[in-house]
Amino acid sequence: MADVDVLIAGAGPAGMVLGCDLARRGVAVRIVEANAAPPDHRSGSRGKGIQPRTLEVYDDLDIIGEVHAAGGAYLPAMAWDGPKPLGPSKFHRIERRDPTPDVPYPSMWMLPQPRALGILRTRLAGLGGRVEFGTRVLSFEQDADGVTAKLQHPDGRVETVRARYLAGCDGARGVVRAGSGVEFKSETIDPHPMITADVVVEGLERTHWHMWDAATGGALWLGPLVQTNAFQLYAKFEDAEPDLSFEGLSKLVRERTGRPELEVTEVLYASHFGSRAGLANRFRAGRAFLVGDAAHVHPPAGGQGMNTAVQDAYNLGWKLGQVLRHGAPQVLLDTYEEERLPVAAQLLEFVVQMHKDWLGTAKDKEEPRKGEHMQLGLNYRGGPLSLDERAVAGEGITRAGDRAPDATLKDGTGATVRLFDLFRGPHFTLLAFDGAEMPTLGSQYGDAFNVYRIVRPDGAGGGAMVDSEDQAHRIYGGGLILVRPDGYLAYTGPSGGPGLQAYLNDFFG
């Protein structure tokens, strides 16, 4: 007998999102974190850039209001040559986009990671969970039925715990990947030292991210951190070793900006960091899963590491839930690696190239962003869980494996309802457009399966959602659309859904 369904090692973004997702599914979970206390402002603001797709995950976890309240929009980037402003930076463009019906969160949002983790811990507590700080996984062993792990508590006591599955969200140097024997290949993208720091700088305008790319000794960036009086500092060192002392950082800012009036008055956090990229050759080893930095390490350009970790957790959570609570076959868990490893490899290739371009930037070169960094266009088309039975869908219509876009509908009372409102929660969602005939579905799905009929205004009927502005039809086409709990199209088919019932057997016993 297992003491717990899932043991999660690590309470960073991956571990917290996975813990929240499992807890809302009624899965018994323990989250252990080796650090003695939660991170605060002294822990640094790295991992602060939340991409649009991650904002959609936070919407589904019902914390988007808190995320918006605690963060803020990115400011535009300003290029400098010493004390001379050059105008908007062409290479470091930070775009703000207007929301659309299908993409309600179109722009990157700034939220320092300690605040984001605090919001997730509050959500977890509301679901009956908690993080065990100061508790680390010492070792673990697997067998056919589960994982036996040894945990060390803050007082030195060693506990043996039995779990059905183990999730390694404990980072690049964590115990789970090492203990799983998974190969990890990495490379250094830039051998020059780099530092990041959170500093208070008097006299610097809080209107832009300030970029001195051609500064003597290496690039320097200073960007205002939202809802604080601090700036985040990035610096590269071409020929010298970094000095992280208060005096060293004060001198660095004055010399590289060419503005002697700028005064560093406080250093909240300072650290070295490297420009490395790496990828595990497997994301699953038996009953142990690698999530986030345990599976892939990204260089800092593009803000992909934390966001990819959240997407990993979001992909794994519902699959563990289906196996543990709805009798899905074990093979469903294999699709975590089958879906996420190619995505991580694709993103790594993109970000490594972006980082190399940044390191060799000419002043007139533009940053090579094509939307990959937003993670909205990433898909699982052709994957093991994507079944498309529509003969013709039309240009621009979402297909099986695509992200499920948002749209605005009207319910029977005329009130506005978003598709994201219908999707929110741990369930599958079946959309039946217009007169599409639905197959007879068994009662075994219970509350894990919600069904909605979507009609145009002239086809309105009792209980149907009305696509009054034709948004959903333009995006989804017609027929039957099954949306996975993680917001991707699982099945698309014609009226009657000929293969839907057999397909559902992949998710329910």
Side-chain angles (χ1 to χ4, degrees), residues 24-25 56-57 59-62 64 100-104 314 318 321-322 326 385-390 393-394 396-508:
R24 68 177 179 165
R25 297 174 190 282
E56 294 182 355
V57 173
D59 184 318
D60 183 58
L61 291 177
D62 209 17
I64 190 65
T100 59
D102 58 324
V103 183
Y314 197 48
W318 74 270
Q322 289 303 123
H326 297 285
L385 301 183
S386 302
L387 178 60
D388 197 336
E389 291 192 328
R390 290 186 297 196
I397 300 297
T398 53
R399 307 301 297 258
D402 289 350
R403 160 191 166 267
D406 200 4
T408 301
L409 308 169
K410 300 289 186 181
D411 66 13
T413 69
T416 298
V417 179
R418 295 167 51 201
L419 274 180
F420 277 11
D421 295 331
L422 307 184
F423 298 158
R424 189 177 300 112
H427 54 267
F428 286 83
T429 305
L430 180 63
L431 305 177
F433 281 81
D434 297 321
E437 177 188 351
M438 287 185 287
T440 301
L441 299 175
S443 60
Q444 71 268 31
Y445 306 121
D447 59 3
F449 201 98
N450 291 352
V451 180
Y452 301 94
R453 188 172 295 281
I454 311 294
V455 300
R456 290 186 168 93
D458 57 1
M465 295 289 175
V466 181
D467 189 13
S468 57
E469 298 181 24
D470 204 38
Q471 294 174 6
H473 283 80
R474 288 198 306 268
I475 294 168
Y476 288 92
L480 294 176
I481 309 291
L482 180 66
V483 179
R484 297 169 15 169
D486 62 344
Y488 285 87
L489 273 64
Y491 171 89
T492 60
S495 177
L500 179 59
Q501 185 65 68
Y503 181 73
L504 288 174
N505 293 335
D506 291 338
F507 308 118
F508 295 90

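No hydrogens, no waters, no symmetry mates; every other heavy atom, side chains included, goes into these values.
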If every non-hydrogen atom of Glu389 is compared with every non-hydrogen atom of Gly499, which pair is closest and at what distance? OE1-N, 2.9 Å
Determine yes or no for a side-chain-to-main-chain donor-acceptor pair under 3.5 angstrom, with Arg424 supplying the side chain and Asp59 the backbone. yes
Do the side chains of Asp60 and Tyr314 get nearer than 4.5 Å, heavy atoms only? yes
Treating Gln471 as the side-chain partner and Thr408 as the backbone partner, does any N or O pair qualify as donor plus acceptor under 3.5 Å? yes
Please give me the minimum heavy-atom distance between Pro104 and Asp406, naming the atom from each residue. CG-OD2, 3.7 Å
Hey, is the main chain of His473 close enough, under 3.5 Å, to the side chain of Asp467 for a donor-acceptor pair? yes
Taking the side chain from Arg399 and the backbone from Leu489, do they hold a donor-acceptor pair closer than 3.5 Å? no
Side-chain donor or acceptor of Arg390 paired with backbone N/O of Gly478 under 3.5 Å: yes
Would a 4.5 Å heavy-atom cut-off, applied to side chains only, mark Pro101 and Glu469 as touching? no
Do NZ/NE/NH1/NH2 and the carboxylate oxygens of Arg484 and Asp486 come within less than 4.0 Å? yes
Can you name the closest pair of heavy atoms from Leu419 and Pro405 and give their distance? CD1-O, 3.8 Å
Evaluate whether atom CG of Asp447 has more than 12 neighbouring non-hydrogen atoms of other residues, nucleotides or ligands under 6.0 angstrom away. no
What are the two closest non-hydrogen atoms of His427 and Leu422, and how far apart are they? NE2-O, 2.9 Å
Any Leu482 side-chain heavy atom under 4.5 Å of Phe449 side chain: yes
Are the side chain of Arg418 and the backbone N or O of Phe423 linked by a donor-acceptor pair below 3.5 Å? no
Can you label the angle between the Tyr445 ring and the Phe508 ring as parallel, tilted or perpendicular, going by 30° and 60°? perpendicular
Looking at Glu437, I'd like to know if its CD atom is crowded, meaning that more than 12 non-hydrogen atoms belonging to other residues, nucleotides or ligands lie closer than 6.0 Å. no
Measure across Leu480 and Ala436 and return the closest heavy-atom pair with its distance rounded to 0.1 Å. CD2-CB, 4.1 Å
Check whether Arg456 reaches the backbone of Ser468 with its side chain - one donor and one acceptor, N or O, closer than 3.5 Å. no
Test item: Val455 and Met465 side chains (from C-beta on) under 4.5 Å apart, heavy atoms: no
To the nearest 0.5 Å, what is the distance between CD1 on Ile397 and CG on Asp388? 11.5 Å
Tyr503: partners by ring-ring contact (aromatic ring centres under 6.0 Å, His included), with sequence neighbours left out: Phe507
For a quick check under 3.5 Å, do Thr429 and Asn450 share a side-chain donor-acceptor pair by atom type? no
Would you find a donor on one side and an acceptor on the other, under 3.5 Å apart, between the side chain of Tyr491 and the backbone of Leu430? no
Lys/Arg-Asp/Glu bridge criterion (N-O < 4.0 Å) met for Arg403, Asp102: no
Reported CG-to-OH distance for the pair Asp402 and Tyr476, which is rounded to 0.5 angstrom: 9.5 Å
What's the shortest heavy-atom distance between Pro426 and Arg25, and which atoms? O-NH1, 2.8 Å
